Amino acid sequence: MTTLYEGAFAKLNLTLDVLGKREDGYHNLKSVMQTVSVRDDIEIDVGTGKPWVLKCDKPGIPTDERNLAWKAAKLYLDTIGKDPGGLEIRITKRIPSQAGMGGGSADAAAVLRALNDHYGNPLSILALAELGAQVGSDVPFCVVCGTAMVEGRGERLRRLPDMPDCVIVVCKPEFSVSTPELYRKLDTVAIAKHPDNQAMESALLAGDLEMVAKNIFNVFDPVVTEEHPELNYIKSVFHQYGAAAYQMTGSGSAVFAIVSEFEIAAVLCNMLKPNYPDIFICKPV
């Protein structure tokens, strides 16, 4: 038996635009995504000689074939035609669920990377990302990591320059948002503002954190904030203590703030933690 170890890193959407509904029922997106240092840990025992098992230290996470990590392992092994002779996947969760941070996708991507490495890297990283698109829309980016322009359903990726060094505070309120429901609602309203993805790309090329902060925008944010005004309270605390930018990530409900120094991040955490225990400090990676 061999045990594999891999980190599963969360993502944030610096920009997120919805460009319309596709014929297959999905929506075309355009988003600048960023990997951050919040991570789950994945361990995989290959060759257990027993039926497949998935274990997670957080209650409420599926531990069968519904889990994206399980789906990714099955898809990968079917694709390369290997029988692992029994498999056990263990997930240590730190990325909050239903936060818009791609936790399940990050786990699936980590499984793909770990198994590919174990079998001698028969698939390139881009081929692995392409395979990941069959598991979930955020999986291709979570395979590649870093900073990237993501388009289509999430399957088209283009690497961008690294995000300038900064400190990020992420706050996850207790409520969660139904992503399909949110898309349905967005289909019925006129989107008043769209992110300027070109300006964001220029800011990253220039390594200008101030310009990156100015161009952060997510079309889902106003829709979710209208239904959940407590997001305005979190943002007001971020604003009060000098965050350069603050924004919901993905379809929510986590809100992140970009700050210049760890000390400011610590103050924000102290202010919000009594009401929002799911708050943490991270960095772009």
Side-chain angles (χ1 to χ4, degrees), residues 7-17 29-40 94-96 99-103 105-106 109-110 113 125-126 129 132 137-152 154 156-172 194-221 234-235 238-239 241-252 254-266 268-269 279-285:
F9 291 89
K11 63 87 181 169
L12 297 176
N13 298 84
L14 301 183
T15 65
L16 177 53
D17 201 2
L29 307 175
K30 189 165 186 178
S31 175
V32 176
M33 290 192 189
Q34 175 63 51
T35 310
V36 291
S37 57
V38 187
R39 58 179 264 183
D40 294 346
R94 296 186 193 88
I95 304 169
M101 299 180 70
S105 298
R113 286 195 304 269
I125 198 75
L126 290 178
S137 297
D138 286 335
V139 178
F141 172 75
C142 290
V143 166
V144 174
C145 294
T147 313
M149 185 75 77
V150 180
E151 296 183 68
R156 285 162 47 208
L157 300 172
R158 180 164 53 86
R159 282 190 179 277
L160 296 175
D162 293 344
M163 185 177 179
D165 189 44
C166 61
V167 184
I168 299 169
V169 179
V170 184
C171 180
K172 163 70 171 73
H194 293 268
D196 189 337
N197 282 297
Q198 195 171 345
M200 177 61 81
E201 187 169 348
S202 299
L204 289 165
L205 281 164
D208 187 335
L209 184 62
E210 189 180 332
M211 287 305 295
V212 167
K214 277 184 181 171
N215 285 290
I216 281 174
F217 189 70
N218 174 355
V219 294
F220 285 131
D221 186 298
I234 297 168
K235 292 175 195 171
F238 285 159
H239 178 76
Y241 288 90
Y246 36 87
Q247 182 68 53
M248 193 181 77
T249 180
S251 56
V255 180
F256 69 94
I258 294 176
V259 299
S260 55
E261 296 171 23
F262 179 82
E263 288 74 16
I264 300 172
L268 289 173
C269 282
I279 186 166
F280 39 87
I281 298 169
C282 56
K283 302 270 287 180
V285 292

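No experiment lies behind these values; they were computed from the predicted model shown. The figures here come from the full heavy-atom set of this structure, side chains too, leaving out hydrogens, waters and symmetry mates.
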**Study point:** Atom NE2 of His239 with >12 non-hydrogen neighbours under 6.0 angstrom
**Key:** no
Check your understanding: Quick one: NZ on Lys283 to CZ on Phe262, what's the gap to the nearest 0.5 Å?
Key -> 10.0 Å
Study note, to complete from the structure: The reported gap from CD1 in Ile168 to CD1 in Ile281 (rounded to nearest 0.5 angstrom) is 11.5 Å
Revision key, fill the gap. From the list Val285, Ile258, Leu12, side-chain contact (heavy atoms from CB on, under 4.5 Å) partner of Met163 resolves to Ile258
Review point. Would you say Thr15's side chain and Phe217's backbone share a donor-acceptor pair under 3.5 angstrom?
Key: no
Point to revise | Main-chain N/O of Val143 paired to Arg113 side chain as donor or acceptor, under 3.5 Å | key: yes
Study note, to complete from the structure: Residues Pro164 and Pro284: closest non-hydrogen pair is O-CG, 4.1 Å
Review point. Under the side chain to side chain contact (heavy atoms under 4.5 Å, CB included) criterion, do Met200 and Ile216 qualify, and how do the steps go?
Key: CA-CA 8 Å; Met200 177 61 81; Ile216 281 174; 3.8 Å; yes
Point to revise | Pro96 side chain near Phe280 side chain, heavy-atom distance below 4.5 Å | key: yes
**Study point:** side chain to side chain contact (heavy atoms under 4.5 Å, CB included) assessment of Val36 paired with Phe256
**Key:** CA-CA 11 Å; Val36 291; Phe256 69 94; over 6 Å; no
Check your understanding: Say you draw a straight line from CE of Met33 to CG of Leu160; how long is it, rounded to the nearest 0.5 Å?
Key -> 11.5 Å
Practice item. Would you name the heavy atoms of Gly103 and Ile95 that are closest together and state the gap between them? Key: CA-CG2, 3.7 Å
**Study point:** Side-chain donor or acceptor of Asn218 paired with backbone N/O of Met248 under 3.5 Å
**Key:** yes
Practice item. Can you see which heavy atom on Ala213 is nearest to which on Ala244, and at what distance? Key: CB-O, 3.7 Å
Review point. What orientation do Phe238 and Tyr246 show, parallel under 30°, tilted 30 to 60°, or perpendicular over 60°?
Key: tilted
Review point. Arg159 and Cys145: which non-hydrogen atoms are nearest, and at how many Å?
Key: NH1-O, 3.4 Å
Study note, to complete from the structure: The reported gap from CG in Leu209 to SG in Cys166 (rounded to nearest 0.5 angstrom) is 5.0 Å
Exercise for review: Give the intermediate values and the outcome of side chain to side chain contact (heavy atoms under 4.5 Å, CB included) for residues Met149 and Val32.
Suggested key: CA-CA 5 Å; Met149 185 75 77; Val32 176; 3.7 Å; yes
Exercise for review: Quick one: closest heavy-atom pair of Gly102 and Cys142, and the distance?
Suggested key: O-SG, 4.2 Å
**Study point:** Test item: Thr249 side-chain N/O and Asn13 main-chain N/O as donor-acceptor pair under 3.5 Å
**Key:** yes
Practice item. Would you confirm whether Lys11, through its side chain, and Gly100, through its main-chain N or O, come within 3.5 Å as a donor-acceptor pair? Key: yes
Study note, to complete from the structure: All heavy atoms of Val167 vs all of Ala265, minimum pair found to be CG1-CB, 3.6 Å
Review point. Checking Asp162 side chain against Thr147 main chain: does a donor-acceptor pair fall under 3.5 Å?
Key: no
Exercise for review: To the nearest 0.5 Å, tell me how far Leu16 CG sits from Asp221 CG.
Suggested key: 10.0 Å
Check your understanding: Atom CD1 of Ile264 and atom SG of Cys269: how far apart are they, to the nearest 0.5 Å?
Key -> 12.5 Å
